[in-house]
Amino acid sequence: MNKPQTVDDYLEGFVGRARELLEQLHTLARETVPDASEAIKWGHPAWVHPSGTILFVISGHAKHANFTFTPSTREAFGLELSDLETGKGSVKLPYDRPVPTDLLRRMIAYRVREHEDDGVLWM
């Protein structure tokens, strides 16, 4: 399989509920940060601030998608993420559960603010 060159190429590699969820995340990201550009980083869709800093990355896996922020963004929402599995900066979104869109919008807004106001770069 060829490496995806665009986010649309990446999404085409998925079917069923996985693709639906990833498309939801794609739409959510576009709506929430319309000024960010889309890129493929490490083989996964990333949204890049106009300054050139990565804001977040999404990735699809066998049974879940990951929405990956900086560790500081993930930590700021720790209590609200208690019912989801998390990693250093990632939030695991199982394909069989609804997407927590309100929470993700707030996390995206936080990530943009922490970059613009506090100068927080990517990991």
**Message:** I'd like to know if the side chain of Tyr95 pairs up with that of His64 as donor and acceptor (distance under 3.5 Å, no hydrogens or angles considered).
**Reply:** no

**Message:** On a heavy-atom basis, which atom in Ile108 and which in Ala29 lie closest, and how many Å separate them?
**Reply:** CD1-CA, 4.5 Å

**Message:** Under a plain distance cut-off of 3.5 Å, with no hydrogens placed, do Thr73 and Glu114 share a side-chain donor-acceptor pair?
**Reply:** yes

**Request:** To the nearest 0.5 Å, tell me how far Asn66 CG sits from Leu93 CG.
**Result:** 7.5 Å

**Item:** Salt bridge Asp96-Lys63, side-chain N to carboxylate O under 4.0 Å
**Value:** no

**Item:** Closest non-hydrogen atom pair between Pro4 and Gly43, with its separation
**Value:** CG-O, 3.9 Å

**Prompt:** Hey, does the side chain of His115 reach the backbone of Val120 with a donor-acceptor pair shorter than 3.5 angstrom?
**Reply:** yes

**Item:** Check: Lys3 and Ile40 side chains under 4.5 Å, non-hydrogen atoms
**Value:** no

**Fill in**
In terms of heavy-atom contacts, Val48 and Lys41 come closest through CG2-CE, 4.4 Å

**Complete:** For Phe14 and His61 the tightest heavy-atom approach is CE2-N, 4.3 Å

**Asked** How far does CZ of Arg111 sit from CD of Glu116, to the nearest 0.5 angstrom?
**Response** 10.0 Å

**Message:** With heavy-atom distances below 4.5 Å as the criterion, would you say the side chains of Trp42 and Ile54 are in contact?
**Reply:** yes

**Request:** Please work out whether the ring planes of Phe77 and Tyr110 are parallel, tilted or perpendicular, with thresholds of 30° and 60°.
**Result:** perpendicular

**Item:** Whether Phe69 and Phe67 hold their rings parallel, tilted or perpendicular, with breakpoints at 30° and 60°
**Value:** parallel

**Prompt:** Nearest heavy-atom pair of Val57 and Trp122: which atoms, and what distance?
**Reply:** CG2-CZ2, 3.9 Å

**Prompt:** Do Thr70 and Leu55 come close enough that some side-chain heavy atom pair is under 4.5 Å?
**Reply:** no

**Message:** Tell me whether Arg74 contacts the main-chain N or O of Gly87 through its side chain, where contact means a donor paired with an acceptor under 3.5 Å.
**Reply:** yes

**Asked** So, do Leu21 and Arg17 sit near enough that their side-chain heavy atoms are less than 4.5 Å apart?
**Response** yes

**Asked** When rounded to the nearest 0.5 angstrom, what is the spacing between CD in Glu20 and CG in Leu25?
**Response** 12.0 Å

**Message:** For Glu23, is the CD atom crowded, meaning more than 12 foreign heavy atoms sit under 6.0 Å from it?
**Reply:** yes

**Asked** With a 4.5 Å heavy-atom cut-off, do Glu12 and Arg19 have their side chains touching?
**Response** yes

**Message:** Ignoring hydrogens and geometry beyond distance, is a side-chain donor-acceptor pair present between Thr32 and Arg105 at under 3.5 Å?
**Reply:** yes

**Request:** Find out whether Thr68 and Ile58 are in side-chain contact, i.e. whether some heavy atom of one side chain is under 4.5 Å from a heavy atom of the other.
**Result:** no

**Message:** Using modelled atom types and a 3.5 Å cut-off, is there a donor and acceptor pairing between side-chain atoms of His49 and backbone atoms of Ser51?
**Reply:** yes

**Check: Leu84 and Pro94 side chains under 4.5 Å, non-hydrogen atoms** = yes

